[in-house]
Every structure is written in structure tokens, then in C-alpha cells.
Amino acid sequence: VSQSRYVACMSPETYTVNVSAPNGCSTTGTVSVTINPLPSAPTTTNSTQCGAQIPTATVASTSGLSNPTFVWYDAPVGGTAMQTSTSTTFTSVVSSTTTFYVSELNTATGCESTLTPVTITVASADLIQASIDLPSICIGQSVNLTVANLNPTPLQSYAYTWSSTAGNGLVSTTGSAVVATPTIPGTYIFDVNGVDGGCNAVSSVTLTVNPFTTTLAGINVSCFNAGDSSFSLTGSTCGTAPYSYSVDGGAFGPIPTNLVPGTYSVVTRDANLYTTAPQTIVITQPNAVMQPEGISNVSICQGSPSAIS
């Protein structure tokens with residue numbers, strides 16, 4: 001049979017224990033009580049971060065233990081231990097402002113210090129907005145791209161980086177204001193990423209770059225086998241005159257005037273050397289004029305009338 005007795009010990013002591021049995025037998029023993037000191041409370045350094053991250057807040061030992069263990073609690077009294085390790089930082093992600101209460105534990109004695117609070121402040125990233133002065137342009141034109149922090153009292157001082165697909169024509173990729181002169185027609189999405197330490201914010205704008213186009217109309221041969229056909233320019237978009245023309249892959253030059261009947265592929269080039277997609281032009285000719293049937297030669301005297309039939 002075992003029994004316990006609790007004694008308030010204020011200093012190391014040796015206690016004598018007397019044990020008596022109902023039959024009158026007894027014995028004695030001694031118990032030594034060693035009182036281990038509590039570690040002193042650690043010091044802490046708060047931290048601030050943007051969004052969910054592993055925090056940089058730290059704790060430091062003041063007890064002089066060679067390899068102290070720290071216990072991170074979620075409440076100052078009766079809390080749950082969220083981490084117990086020798087690390088001087090909290091090693092899990094924190095997504096909202098949190099105060100931990102940290103003690104130092106002497107693992108050899110099991111003694112634990114009082115708690116010291118440490119606060120991790122989690123801020124939200126400021127929103128940003130990208131803007132473009134011309135959402136739709138012709139090939140060869142330039143646009144101005146800008147970005148602004150939407151917070152009237154900004155918490156972040158962002159460094160901005162711009163990106164898009166190949167052919168975007170960005171003169172520079174950094175800064176709150178950049179210029180782009182795309183070299184290929186199409187639709188571009190310009191993304192801007194703002195970074196300030198651990199804070200990131202993203203915004204984007206869309207740009208449509210219209211190609212150089214022309215409308216050509218064939219001019220048919222005037223007479224059968226005349227070889228005097230051509231074509232004309234009836235319309236154009238996004239081009240800069242004067243224009244030149246390549247027929248069936250030939251050299252660029254003025255509109256030809258000596259085409260024969262047939263089907264041609266024509267590419268137009270403008271003064272800035274932008275070219276259109278090939279256009280197909282069909283040249284036709286009228287039917288040949290046939291000699292009437294039944295015509296016969298006649299012989300007459302000078303000055304006499306005659307009929308040709």
C-alpha cells in the first residue's frame with residue numbers, strides 16, 4: 001500500500017518517514033527533497049509581416065542554459081502549447097495577427113519559466129490598379145501603362161515589374177509608368193506585380209493591337225489577250241502611305257499595269273515596312289471577238305459602190 005503526503009518545501013530538506021502497521025510493527029526512512037530553480041522568463045522581439053508567412057518574431061534565453069527549449073502558448077493562462085522546440089522563432093505559417101506567450105523550459109528538471117508575450121502583426125497588402133491610355137491601337141503605335149496604389153494612405157512602397165507575351169514592345173519593365181510599342185498584332189495582357197518585402201499585389205490591363213490591312217480590287221483585262229490588267233486599292237486600316245505591293249512573292253513596287261488574266265497573291269507594305277496578309281486577286285478577260293461567218297471577197301471598179309456581206 002502506498003500513500004502520499006504533500007509538504008510545502010521552501011528549501012532543500014531531508015525528511016524522515018515513520019511507517020507503522022496495525023500489528024504494532026514500524027519502520028523509518030528518509031526522503032531528500034531537491035528544489036530546482038525556475039528558468040528566468042525569455043525576452044521576445046515582435047515582428048510585422050504582410051499576409052500569411054512564417055514570422056520573424058524571436059525569443060531569447062535569459063537563463064544561461066546551453067540549449068534552452070521554448071514553449072509557445074496560445075493564451076497567457078491555461079493555454080495550449082502550439083510549439084515546443086529549441087528554435088528561437090515560430091516555425092509555422094501565421095496568417096493573422098497573433099500574440100503567443102512563450103516560456104523557457106529546462107528539460108533536465110522539467111521546470112518552466114513564467115510567460116512572455118510576443119506579437120506577430122499581419123498586415124494586408126495594399127491593392128493596386130493598372131491603367132492604359134489607349135486600349136486599342138494600330139500596329140506601330142505606342143501606349144502608356146501606369147499603376148497606382150489604391151490605398152489613400154499606403155502601407156506599402158511597392159517596386160513594380162511589368163510583363164506580357166512576346167512582341168509586347170515594353171521599353172522598360174520596371175517602374176510605375178512604362179511605355180510599350182508592340183511589334184506584332186494581337187491581344188496583349190500586361191501584368192504588373194508590386195512587391196514590398198513580403199507584400200505582393202498584382203493588376204493587369206488588356207491591349208488590342210490591330211494589324212495593317214488593305215482591300216484590293218482586280219481590274220480585268222480590257223480586251224482578249226490585251227495584257228493590260230491591274231488592281232486598285234479600295235481601302236486600308238492602320239497603314240502609313242505610301243504603299244508598295246508584292247505580286248506572287250516578287251519585289252515590292254507600285255501597282256502593276258501589265259497583268260494577264262489569272263489568280264494572284266498580293267502583299268501590301270506601308271511606309272513603316274508593316275505588311276498585310278496575302279490577298280487573292282482574280283483577273284479575267286472578255287471573250288475574243290470572232291470573225292462573222294459568210295464574209296466573201298468582192299471585186300469592183302474604181303468609183304463603183306459595193307456591198308460587203
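What you see is a predicted model; the values in this text were computed from it and never measured.
The backbone N or O of Thr234 lies less than 3.5 Å from no partner atom in the side chain of Ser232, so there is not a single donor-acceptor pair. The closest donor-acceptor contact from the side chain of Trp162 to the backbone of Ala177 lies at 3.5 Å or more, if one exists at all. Formation of a donor-acceptor pair under 3.5 Å by the Asp248 side chain with backbone atoms of Tyr264 is not found in this model. Looking only at distances, no side-chain donor or acceptor of Ser265 sits under 3.5 Å from a matching main-chain atom of Pro278. Although no hydrogens or angles enter the test, the distance criterion places no donor-acceptor pair under 3.5 Å between the side chain of Gln49 and the main chain of Val122. One N or O on the side chain of Asp196 and one on the backbone of Ser157 form a donor-acceptor pair closer than 3.5 Å. When atom types are taken as modelled, the side chain of Ser229 and the backbone of Asn220 share no donor-acceptor pair closer than 3.5 angstrom. Side-chain atoms of Asn106 never come within 3.5 Å of backbone atoms of Gly110 as a donor-acceptor pair (strictly under, hydrogens ignored).
Side-chain polar atoms of Thr69 and Glu104 form no donor-acceptor pair below 3.5 angstrom. For Ser85 and Ser87, the side-chain atoms include no donor-acceptor pair closer than 3.5 Å. Thr268 and Thr214 share a donor-acceptor pair across their side chains, judged by distance under 3.5 Å alone. Using modelled atom types, one finds no donor on one side chain facing an acceptor on the other under 3.5 Å when comparing Ser136 with Thr208. There is no side-chain donor-acceptor pair under 3.5 Å between Ser63 and Ser40. Remark: the Thr240 side chain and the Asn272 side chain contain an N/O donor-acceptor pair separated by less than 3.5 Å. Side-chain atoms of Thr161 and Asn193 form no donor-acceptor pair, as typed in the model, at a separation below 3.5 Å.
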Set out, in order, the CA-CA distance, both residues' side-chain angles and the distance that settles side-chain hydrogen bond (donor to acceptor under 3.5 Å, both in side chains) for Gln83 and Thr91, then state yes or no. CA-CA 8 Å; Gln83 175 180 293; Thr91 57; 2.9 Å; yes
Evaluate the criterion side-chain contact (heavy atoms from CB on, under 4.5 Å) for residue pair Ile139 and Asn210; output intermediate values, then yes/no. CA-CA 6 Å; Ile139 186 69; Asn210 299 296; over 6 Å; no
Please lay out, stage by stage, how Thr43 and Thr62 fare under the test side-chain contact (heavy atoms from CB on, under 4.5 Å). CA-CA 7 Å; Thr43 60; Thr62 61; 3.7 Å; yes
Apply the test ring pair (Phe, Tyr, Trp, His ring centres under 6.0 Å) to residues Tyr73 and Phe100: give CA-CA distance (whole Å), side-chain angles for both, the deciding distance (0.1 Å), then the verdict. CA-CA 6 Å; Tyr73 292 96; Phe100 291 105; over 10 Å; no
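Dense packing is recorded around CG of Leu38, with more than 12 heavy atoms of other residues, nucleotides or ligands lying under 6.0 Å away.
Within the 4.5 Å cutoff, the side chain of Val118 has heavy atoms near those of the Asn46 side chain. Counting heavy atoms from C-beta outward, Gln141 and Thr181 have side chains that stay 4.5 Å or more apart. No side-chain heavy atom of Ser103 sits under 4.5 Å from any side-chain heavy atom of Thr114.
Not less than 6.0 angstrom separates the ring centroid of Tyr245 from the ring centroid of Phe252. If you look at Phe212 and Tyr243, their ring centroids are closer than 6.0 Å.
Ile219 CD1 to Asp228 CG: the interatomic distance, rounded to the nearest 0.5 Å, is 10.0 Å.
Each of Leu115 and Val59 belongs to its own hydrophobic cluster when Ile, Leu, Val, Met, Phe, Trp and Tyr are linked at side-chain heavy-atom distances under 4.5 angstrom. Hydrophobic clustering (ILVMFWY, side-chain heavy atoms < 4.5 Å, transitive): Ile120 and Met82 are in one cluster.
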